[in-house]
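Contents: one structure, followed by commentary.
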Amino acid sequence: QAQLAESGGGLVQAGGSLRLSCAASGSIFMVQAMGWYRQAPGKQRELVAAILSGGLTKYADSVKGRFTISRDNAKNIVYLQMNSLRPEDTAAYYCNAGRLTEVVTGDFSSWGQGTQVTVSS
């Protein structure tokens, strides 16, 4: 399994934008699905966006129309473009990859360090 490293988080005002990157140490071309997750303090980790190998994307209702997930197979990177950020988007963001069922359930044995996104009001 490829190692994944998240980056791009930071502090931004409400209404602002950030682009997160998830860089894989190996090829993601054949990976069935990749997902971005977030976990706010005291809350469970939730799936924010997922992208399948064919390009199909799915989003949590809370981010639809604001976030866009994309993948660059040549660079082995998956991006999460976040626009119109809200204070409730504040969380640690993680990526992971695997079978579709794994991505949907978030049932992975290991996670990266994540990248912190803080949205001020």
Side-chain angles (χ1 to χ4, degrees):
Q1 183 177 358
Q3 298 296 312
L4 304 170
E6 305 92 345
S7 63
L11 173 63
V12 64
Q13 289 189 329
S17 298
L18 284 173
R19 188 176 78 160
L20 306 184
S21 298
C22 172
S25 62
S27 174
I28 63 171
F29 181 72
M30 295 301 293
V31 174
Q32 185 179 36
M34 298 193 70
W36 277 100
Y37 305 78
R38 67 185 180 188
Q39 187 169 22
K43 295 187 177 181
Q44 286 191 329
R45 185 174 289 152
E46 63 172 342
L47 177 63
V48 173
I51 186 166
L52 303 186
S53 57
L56 181 66
T57 58
K58 297 289 286 184
Y59 298 92
D61 288 342
S62 58
V63 306
K64 278 181 183 176
R66 301 189 297 121
F67 291 11
T68 302
I69 188 171
S70 61
R71 60 195 288 173
D72 186 331
N73 289 335
K75 295 182 179 179
N76 297 319
I77 297 177
V78 175
Y79 300 101
L80 185 67
Q81 177 66 44
M82 306 187 297
N83 299 327
S84 302
L85 283 162
R86 305 168 180 169
E88 54 264 38
D89 295 318
T90 295
Y93 283 72
Y94 303 85
C95 65
N96 224 318
R99 298 188 304 272
L100 179 58
T101 52
E102 290 177 310
V103 171
V104 169
T105 62
D107 187 19
F108 293 101
S109 59
S110 65
W111 294 84
Q113 291 189 336
T115 186
Q116 178 68 35
V117 172
T118 303
V119 185
S120 63
S121 57

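Computed over heavy atoms, backbone and side chain alike; hydrogens, waters and symmetry mates excluded. All figures in this text were calculated on a predicted structure; none of them were measured in a lab. For reference, positions follow the sequence shown, starting with 1.
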Rounded to the nearest 0.5 angstrom, the OG-CG distance for Ser110 and Asn96 is 6.0 Å
Side chain to side chain donor-acceptor pair (under 3.5 Å) filter on Lys64, not counting sequence neighbours, yields Asp61
Exercise. Do Asn83 and Phe67 touch side chain to side chain, with heavy atoms closer than 4.5 Å?
Worked result: no
What one should report as the nearest heavy-atom pair of Ala40 and Ala91 is N-CB, 3.8 Å
Between Ser17 and Ser84, the two heavy atoms sitting closest are OG-N, 4.3 Å
(message) Measuring only between side-chain heavy atoms, which start at C-beta, is Asn73 closer than 4.5 Å to Arg71?
(response) yes
ask   = Is atom CD of Gln116 surrounded by more than 12 heavy atoms (other residues, nucleotides or ligands) closer than 6.0 Å?
value = yes
Counting C-beta onward and ignoring hydrogens, is there a side-chain heavy-atom pair between Ile77 and Cys22 closer than 4.5 Å? no
Note to self: One pair to check against side chain to side chain contact (heavy atoms under 4.5 Å, CB included): Gln81 and Ser70. What are the steps and the verdict?
What the structure shows: CA-CA 8 Å; Gln81 177 66 44; Ser70 61; over 6 Å; no
Side-chain (Gln39) to main-chain (Ala92) donor-acceptor, under 3.5 angstrom
no
For a side chain to side chain contact (heavy atoms under 4.5 Å, CB included) check, start with the C-alpha distance between Met82 and Leu20, then their side-chain angles and the critical distance, and finish with the verdict. CA-CA 8 Å; Met82 306 187 297; Leu20 306 184; 3.7 Å; yes
### Message
Check the orientation of Trp111 and Tyr37. Use parallel for under 30°, tilted for 30 to 60°, and perpendicular for over 60°.
### Response
perpendicular
- prompt: Looking only at atom types and distance, does a side-chain atom of Thr115 sit under 3.5 Å from a main-chain N or O of Gly9, one as donor and one as acceptor?
  reply: yes
Expected output: side-chain Ser21 to main-chain Gly8 donor-acceptor under 3.5 Å: no
Would you be so kind as to tabulate the donor-acceptor pairs closer than 3.5 Å made by side chains of residues 41-60, with sequence neighbours excluded?
| unit_1 | atom_1 | unit_2 | atom_2 | d |
| --- | --- | --- | --- | --- |
| Glu46 | OE2 | Arg38 | NE | 2.7 |
| Glu46 | OE2 | Arg38 | NH2 | 3.4 |
| Tyr59 | OH | Ile69 | N | 2.9 |

Is it the case that one hydrophobic cluster holds both Tyr79 and Leu85, taking links as side-chain heavy atoms less than 4.5 Å apart, direct or via other members?
no
Sequence neighbours excluded, the answer for salt bridge (charged side-chain N to carboxylate O under 4.0 Å, His left out) partners of Arg66 is Asp89
**Message:** Looking at Ser25 and Gln3, would you say the former's side chain and the latter's main chain have a donor-acceptor pair under 3.5 Å?
**Reply:** yes
- Message: Working note: Leu18 + Val117, criterion side chain to side chain contact (heavy atoms under 4.5 Å, CB included); need CA distance, chi angles, decisive distance, verdict.
- Response: CA-CA 9 Å; Leu18 284 173; Val117 172; 3.9 Å; yes
I'd like to check Tyr93 versus Trp36 (side-chain heavy atoms, cut-off strictly below 4.5 Å). Are they in contact?
yes
OG1 (Thr105) and CG (Leu100) are apart, to the nearest 0.5 Å, by 9.0 Å
* Is there a side chain to side chain contact (heavy atoms under 4.5 Å, CB included) between Arg19 and Leu80 once you walk through the steps? -> CA-CA 6 Å; Arg19 188 176 78 160; Leu80 185 67; over 6 Å; no
Q) Does some side-chain heavy atom of Val103 sit less than 4.5 Å from a side-chain heavy atom of Met34? A) no
Gln32 side-chain N/O to Arg99 backbone N/O, donor-acceptor pair under 3.5 Å
no
Separation between CD (Gln13) and OG (Ser120), nearest 0.5 Å, reads 5.0 Å
Verify same cluster id: Phe108, Tyr94 (apolar side-chain graph, 4.5 Å):
yes
